[in-house]
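In this text the structure is predicted, and so the values were computed from the model without any measurement. Order of listing sets the numbers, starting from 1, for every ligand and every atom in it. Numbers for residues simply follow the sequence, beginning at 1.
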Amino acid sequence: MAASLQFNNGIRTAHCGYQFRRNSLLVGRNQPQLKFSSSISSISGLVCARTEGSCSRDSRNRGLKINCDKRNADETTNGSPGDTGEQLLTCVMKFGGSSVASAERMREVAELIRSFPEERPVIVLSAMGKTTNKLLQAGEKAVSCGVIHASEIEELEFIKDLHYRTVDELGVDNSVIAVHLEELEQLLKGIAMMKELTPRTKDYIVSFGECMSTRIFAAYMNKIGVKARQYDAFEIGFITTDEFTNADILEATYPAVAKRLHGDWMKESAIPIITGFLGKGWKTCAVTTLGRGGSDLTATTIGKALGLREIQVWKDVDGVLTCDPNIYSGAMPVPYLTFDEAAELAYFGAQVLHPQSMRPAREGDIPVRVKNSYNPKAPGTFITRCRDMSEAVLTSIVLKRNVTMLDIVSTRMLGQFGFLAKVFEIFEDLGISVDVVATSEVSISLTLDPSKLWSRELIQQASV
Ligand SMILES: Nc1ncnc2c1ncn2[C@@H]1O[C@H](COP(=O)(O)OP(=O)(O)O)[C@@H](O)[C@H]1O
Ligand SMILES: N[C@@H](CC(=O)OP(=O)(O)O)C(=O)O
């Protein structure tokens with residue numbers, strides 16, 4: 001039985017339960033129907049995504065196509081790259097933290113890029129390994145450690161050590177990151193002085209991770225004779241909302257990024273090495289971040305902006321798998337997915353892709369390939385607008401922890417109109433996102449973001 005809490009007004013929250021909707025099946029803990037391995041006993045929700053309908057993707061041969069309306073970029077070039085005589089950029093290759101976690105990994109990634117001589121890629125990098133987490137932990141510690149101890153924060157030492165060791169092992173000049181590491185230390189002292197870490201400061205502090213990984217990698221590429229140029233996304237037109245820690249990319253980004261990258265490439269064909277995850281708030285002009293895992297979104301945004309042939313996201317797994325390999329080691333790669341399937345899996349917790357990252361790819365109709373930088377020969381997952389679904393039964397299973405279900409039971413909704421509208425108005429007012437909805441004649445069941453459910457306002461509304 002699902003554990004639940006009952007309000008006396010008929011609203012019931014359940015941490016375990018089940019509900020169905022057209023394309024998704026959400027199954028709660030202790031549901032007898034689905035039995036996986038015992039290692040998932042702490043699961044409180046599972047989503048299996050399946051999208052109906054099928055069609056075949058038309059093969060296209062896309063060159064650079066930028067339509068910027070009345071705005072600042074107006075190049076329009078058709079045909080495949082190379083046709084025009086211009087050697088246009090062809091694809092995005094995004095490498096996540098695990099792919100660039102050390103000097104050795106960076107060397108392998110450089111070789112991997114060189115193993116595609118036919119490509120003229122835009123490279124997007126995340127911070128090295130777990131640097132983002134370490135930066136956030138350093139920031140948290142700085143709040144209470146006192147100014148004189150800020151320089152001794154363990155995570156700062158770790159970050160310094162990792163980055164200095166990496167430049168050393170790669171044989172590049174440590175001046176490429178020395179200023180950043182000094183500034184980071186100053187920033188931690190500032191946080192210690194102020195005794196507060198705001199979302200805005202959090203974004204600034206984590207930005208050091210991507211700013212340093214890209215500088216190191218670009219310097220290394222140049223050292224081995226591959227002309228490369230480093231870019232901070234917030235300097236080249238990644239314009240976002242000012243929602244620190246979870247900013248949204250604004251439309252103005254596409255023409256601005258296209259103009260800058262294409263313009264520079266035409267002047268000098270140096271491979272762009274761009275910071276993932278970062279942007280610039282349009283009102284504050286401060287550094288923003290796109291939410292954890294946001295480098296995937298940076299990659300697809302660039303793909304759409306430049307109208308590239310393909311977006312590749314290189315991970316440490318053989319593509320999107322049938323489930324989280326940390327939960328079930330027998331998870332298998334899923335060869336094909338649609339943008340909608342991938343978005344749904346990501347939204348419901350498949351950590352492998354950023355939930356918003358499919359949007360630009362879908363809008364630009366640019367295929368996304370998820371590949372393994374540790375095993376480049378593996379075919380990976382190819383994500384397109386549509387695919388043959390005739391054989392598809394169940395694509396992939398994802399876990400979303402602590403799913404909270406709300407059941408609203410009332411005979412008053414029988415034969416009435418506007419009941420659902422009233423319910424959803426409350427969620428809109430409270431800014432609560434509803435994941436899954438199922439209705440019957442006398443009940444509505446929905447799942448909510450658990451972190452918001454216990455807001456006092458919601459409980460007050462519920463008792464009206
Ligand atoms: N369905 C899934 N398919 C593939 N990987 C998954 C899935 N669910 C969770 N993961 C986890 O996502 C990780 C890859 O995502 P992430 O760490 O964000 O990659 P990166 O940092 O390289 O971009 C994998 O190592 C795996 O542990
Ligand atoms: N470094 C950021 C952005 C990112 O996308 O990382 P990764 O590609 O390693 O998931 C993070 O850890 O959230």
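A salt bridge does not link Glu169 to Arg107: none of the charged nitrogens lies less than 4.0 Å from a carboxylate oxygen. For Asp340 and Arg362, the salt-bridge test passes: some basic side-chain N is under 4.0 Å from an acidic carboxylate O. Between Arg105 and Glu108 there is a salt bridge, since a side-chain N of the basic residue sits under 4.0 Å from a carboxylate O of the acidic one. Salt bridge status for Asp232 with Arg215: present, with a side-chain N to carboxylate O gap under 4.0 Å.
Residue-ligand proximity: Gly294 is placed with a non-hydrogen atom under 4.0 Å from ligand 2. Within the 4.0 Å heavy-atom cutoff, Gly209 does not count among the residues contacting ligand 2. At a 4.0 Å cut-off, at least one heavy atom of Gly319 sits close enough to ligand 1 to count as contact. Note on ligand 2: Gln351 sits outside its first shell, no heavy atom being nearer than 4.0 Å.
With ligand atoms numbered from 1 in the order given, ligand 1 contributes 23 (O) to contacts under 4.0 Å with heavy atoms of Lys94. Close approach to Cys323 involves these atoms of ligand 1, each under 4.0 Å from a residue heavy atom: 1 (N), 2 (C). Ligand 1 places these atoms under 4.0 Å from at least one heavy atom of Val320: 3 (N).
Contact annotation: for Asp324 versus ligand 1, heavy atoms closer than 4.0 Å belong to both the backbone and the side chain. Residue contacts with ligand 2, taken as heavy atom pairs separated by less than 4.0 Å, do not involve His354 at all. Heavy atoms from both the backbone and the side chain of Ser295 come within less than 4.0 Å of ligand 2.
Nearest protein heavy-atom neighbour of atom 7 (P) of ligand 2: Ser126 OG, 3.4 Å. For atom 27 (O) of ligand 1, the closest heavy atom belonging to the protein is Asn326 ND2, 2.9 Å. For atom 11 (C) of ligand 1, the closest heavy atom belonging to the protein is Gln351 OE1, 3.9 Å. The shortest contact between atom 21 (O) of ligand 1 and any protein heavy atom is with Gly97 N, 3.5 Å. Looking only at protein heavy atoms, the nearest one to atom 19 (O) of ligand 1 is Lys315 CD, 3.4 Å. Ranking protein heavy atoms by distance to atom 26 (C) of ligand 1, first place goes to Pro325 CG, 3.8 Å. Of the protein's heavy atoms, Gly293 CA, 3.7 Å lies nearest to atom 10 (O) of ligand 2. Residue, atom and distance of the protein heavy atom nearest to atom 22 (O) of ligand 1 are Ser98 OG, 3.1 Å. Of the protein's non-hydrogen atoms, the one nearest atom 3 (N) of ligand 1 is Leu321 N, 2.9 Å. In terms of protein heavy atoms, atom 13 (C) of ligand 1 is closest to Asp316 OD1, 3.9 Å.
Checking side-chain atoms of Thr166 against main-chain N and O of Ser102 turns up no donor-acceptor pair under 3.5 Å.
Between Thr132 and ligand 2, a contact under 3.5 Å exists for at least one N or O pair. At under 3.5 Å, not a single nitrogen or oxygen of Ser396, backbone or side chain, sits near a nitrogen or oxygen of ligand 1. Residue contacts with ligand 2: Gly97 is placed with a nitrogen or oxygen under 3.5 Å of a nitrogen or oxygen of the ligand (distance criterion only).
For the side chain to side chain contact (heavy atoms under 4.5 Å, CB included) with Ile302, the lone residue among Ile366, Ile311, Val92 that qualifies is Val92. Only one option out of Val147, Thr198, Val143 pairs with Ile191 in a side chain to side chain contact (heavy atoms under 4.5 Å, CB included); it is Val143.
In this structure, the separation between NZ on Lys189 and OG on Ser151 is 4.0 Å, given to the nearest 0.5 Å.
Taking 4.5 Å as the limit, some side-chain heavy atom of Leu136 sits within range of a side-chain heavy atom of Val206. Between Val176 and Met212 the shortest side-chain heavy-atom distance does not fall below 4.5 Å. Contact annotation: the side chain of Ile177 approaches that of Tyr164 to within less than 4.5 Å [non-hydrogen atoms, C-beta and beyond].
The number of heavy-atom neighbours closer than 6.0 Å to CD of Glu154, taken from other residues, nucleotides and ligands shown, is 12 or below.
Scanning both residues, Gly293 and His354, for their nearest heavy atoms gives O-CB, 3.3 Å.
The heavy atom nearest to atom 1 (N) of ligand 2, out of those in Glu210, Lys94, Lys130, is found in Glu210. Looking at Val352, Leu399, Ile397, it is Val352 that brings a heavy atom closest to atom 5 (N) of ligand 1.
Lys304 forms a cation-pi arrangement with Tyr254, by the criterion of a distance under 6.0 Å to the ring centre and an angle within 45° of the ring axis.
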